[in-house]
Protein chains: 2
Amino acid sequence: MVRQVTIGDVAKEAGVSIATVSRVLNGQSTVNQAMVDDVRAAAGRLGYRPNAAARGLASGAYRVIGVVVPDLRNPYFTDILESIVAQSKGDGYRVLVSDSGGDVKEELDACRRLRTSVDGLILVSPRMPGDDLRALSADGFPMVLINRQEPSIALPMALADTRSATLELCRHLSGLGHSRVVYMAGSALSWQNRERLRGIHDAREFGFEAAVVEGEPTIEAGYRAASAALDFEPTAIMAYNDLAALGVIARLREIGFKVPNDISVTGFDDIEMARYVRPTLTTAVSLKTQLGEHAWNALRQVLRGQPPIAASLIPSPVVVRESTGPALREATPIS
Amino acid sequence: MVRQVTIGDVAKEAGVSIATVSRVLNGQSTVNQAMVDDVRAAAGRLGYRPNAAARGLASGAYRVIGVVVPDLRNPYFTDILESIVAQSKGDGYRVLVSDSGGDVKEELDACRRLRTSVDGLILVSPRMPGDDLRALSADGFPMVLINRQEPSIALPMALADTRSATLELCRHLSGLGHSRVVYMAGSALSWQNRERLRGIHDAREFGFEAAVVEGEPTIEAGYRAASAALDFEPTAIMAYNDLAALGVIARLREIGFKVPNDISVTGFDDIEMARYVRPTLTTAVSLKTQLGEHAWNALRQVLRGQPPIAASLIPSPVVVRESTGPALREATPIS
DNA sequence: CTGAAAGCGCTTACAG
DNA sequence: CTGAAAGCGCTTACAG
């Protein structure tokens, strides 16, 4: 290790006590101006940087938060992460990230490890069982959830209104005459996936139904799941998210299907790519920045010991683009 | 703050000294088996987790590294980050990320802040001036560079062989008969951009030339820069990276140009999307995982006090896909 | 093999 | 307003 400049060095250089240096550097007003200037100058001369660990140990606050995401490669999560990083930086906090790889065991481990070195945790779309989540939050360690709701867990949270958005997506397809539809699911462990299913169920109110095939929230998975979806001879495929939709579309094209002429495809999230690919994607706009902001605001509130902010249900408006069109083929209900 | 279980609590519970608890938990063999079992059991009963900051302070090693990237939203960087996270996790290290937003001032600040709480730093495609980089590494703080080379800075590094890859891309276009080509640049501060330009310059050996227009490594920037490129009436556009290429292609399509029939487009990086969009992208495959691995290995070496690993120049093979084709239009040299 | 003690670099009551 | 001192939770020589 490089020998670091310590607060003691600065104190000596400035000819004051370390307590005074500490006060100056933490902006406490109770120090006379001459000393403040001396200390600042000395710190500058020496290139002093406070040791964050020592500061954390002594004060009990590390000014670091942990963020656990299922997959750093998914732009949906990176956009949320980016938003959290930007917001928390504004308040002087840094971010320790962990990528669980979508594995529930690893996710729990990551949270446990992170807890030892951060002031609070934001879990993005956690997939761990409700019991684990409950255990994790039992001791009151500051935690905020994004896109996860669990009965009897009263953690602050930011939720995308997935259910309503899915219902809208169904309504859109229904309006185009689609009655043979396949929903290509995401992880069964994901709250969002459950909400999508509820939205689809809600759509029964106007006679909408969809068969379900398994999937995962990746391009690759969408690509692979296409054939299973085609077994139902659908006129439309609702992909779990935009990535999966892009994969499905790539595969459909290979096989010779035109989107949306032969088959309509919807995504979810509105990642940047969704507007630039061809066909552009009909999808639901998840407000990633707002999810991140709300989560950070909620966590900051807890860290400050202030009353928790109410959970926020953030709308996800549907945008209709090129990937959906009228159902042209003869519609026969899925058996 | 939640009252945490400390090593003292475990010691009391197990009826041993804290030194012994520490030894057991750090896997030191010099403890008798009965005590080891007692301590493990006590720690388990109490749900003890060592405080990382305290451990770091006492031992001088935090087991945390910092990674600074220009843009978390660029999959190229996320793939590298993901690789670093995965590799370093295997060695018990965690990752503190910082997104500089491509701003050189912020990049330097991020490095300085990070240095106070990490054991080492990996800078991914840093754009700061050479002098800042030199100042940062002057005191021997463990640092590794990805995609940045600077005269008189002898830091371990992992470099993508951008120059050769660019040359190959030029050769490919040249072979297809393209003589009116525009290079849509990335950030002028980026080493990769300079290397691309050198590769293009190298291509003069076979009579290849390209006009240069300004750009940035984003979809949006590619989209916007398309018209400036079109002013040259090129038969091919070499975009700085895949994101920019996707943006250009989207814009060309809007205007009515077919890719590659009217204009060929190349990217760089081979992000996952490059294989799934239409047309699929001709690009250079940056081995992101290997860049991350090499960087971590190099940093770990330094952290262990072992002799530094040589810089590695990682090849970036060109893959030809659908976005490039023969130059059909009459070719007149760019003035 | 085990424990008492010093020390890592800070913050923060506590005196003065 | 300022400083001496205790303490944050650990690790690690140093004795024994």
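Chain identifiers are assigned alphabetically (A, B, ...) following the order of the sequence lines, protein sequences preceding nucleic acid strands; residue numbering begins at 1 within each chain.
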Take atom [atom1] of [X] and atom [atom2] of [N], then tell me their distance rounded to the nearest Å.
| X | N | atom1 | atom2 | result |
| --- | --- | --- | --- | --- |
| B:Tyr62 | D:dT11 | OH | P | 13 Å |
| A:Asp119 | D:dC8 | CG | P | 18 Å |
| A:Ile7 | D:dA4 | CD1 | P | 14 Å |
| A:Gln33 | D:dT2 | CD | C1' | 16 Å |
| A:Asp37 | D:dC1 | CG | C1' | 15 Å |
| A:Gln4 | C:dC10 | CD | C1' | 10 Å |
| B:Asp38 | C:dG3 | CG | P | 11 Å |

* Asked: Does the distance from a Lys or Arg side-chain N to an Asp or Glu carboxylate O, for A:Asp79 and B:Arg73, drop under 4.0 Å?
  -> yes
* Can a salt bridge be assigned to the pair B:Arg300 and B:Glu293 using a cut-off of 4.0 Å between side-chain N and carboxylate O? -> no
Nearest to side-chain heavy atoms of [X], which nucleotide of [options]:
| X | options | answer |
| --- | --- | --- |
| A:Arg23 | D:dA4, C:dT11, C:dG3 | D:dA4 |
| B:Ile18 | C:dT2, D:dC10, C:dC10 | D:dC10 |
| B:Ala58 | C:dG3, D:dC10, C:dG9 | D:dC10 |
| A:Asn26 | C:dT11, C:dG9, D:dC1 | C:dT11 |
| A:Val31 | D:dT2, C:dT2, D:dC8 | D:dT2 |

* Structure fact -> Judged by nearest nucleotide, the residue sitting upstream toward the 5' end of DNA chain D, B:Val5 or A:Met35, is A:Met35
* A:Ser117 and B:Arg94 side chains, donor-acceptor separation under 3.5 Å -> yes
* Taking atom types as modelled, find out whether B:Arg127 and B:Ser100 have a side-chain donor-acceptor pair closer than 3.5 angstrom. => no
I want to check one thing: is the phosphate of [N], taken as OP1 and OP2, less than 4.0 Å away from some side-chain N or O of [X]?
| X | N | value |
| --- | --- | --- |
| A:Thr6 | C:dG9 | no |
| A:Ser59 | C:dT11 | no |
| A:Thr20 | D:dG3 | yes |
| A:Ser22 | C:dT11 | yes |
| B:Asn51 | D:dC8 | no |
| B:Tyr48 | D:dC10 | yes |
| A:Arg55 | C:dT11 | yes |

* **Side-chain donor/acceptor of A:Asn51 to backbone N/O of A:Thr6, under 3.5 Å** => no
* Determine whether B:Lys89 and A:Asp99 make a side-chain contact, defined as any pair of heavy atoms from C-beta on separated by less than 4.5 Å. => no
* To do: Using both distances under 3.5 Å as the test, list the Watson-Crick or G-U wobble partner of C:dA13, or none.
  => none
* Asked: How do B:Leu57 and A:Leu25 order along DNA chain C: which one's closest nucleotide is nearer the 5' end?
  -> B:Leu57
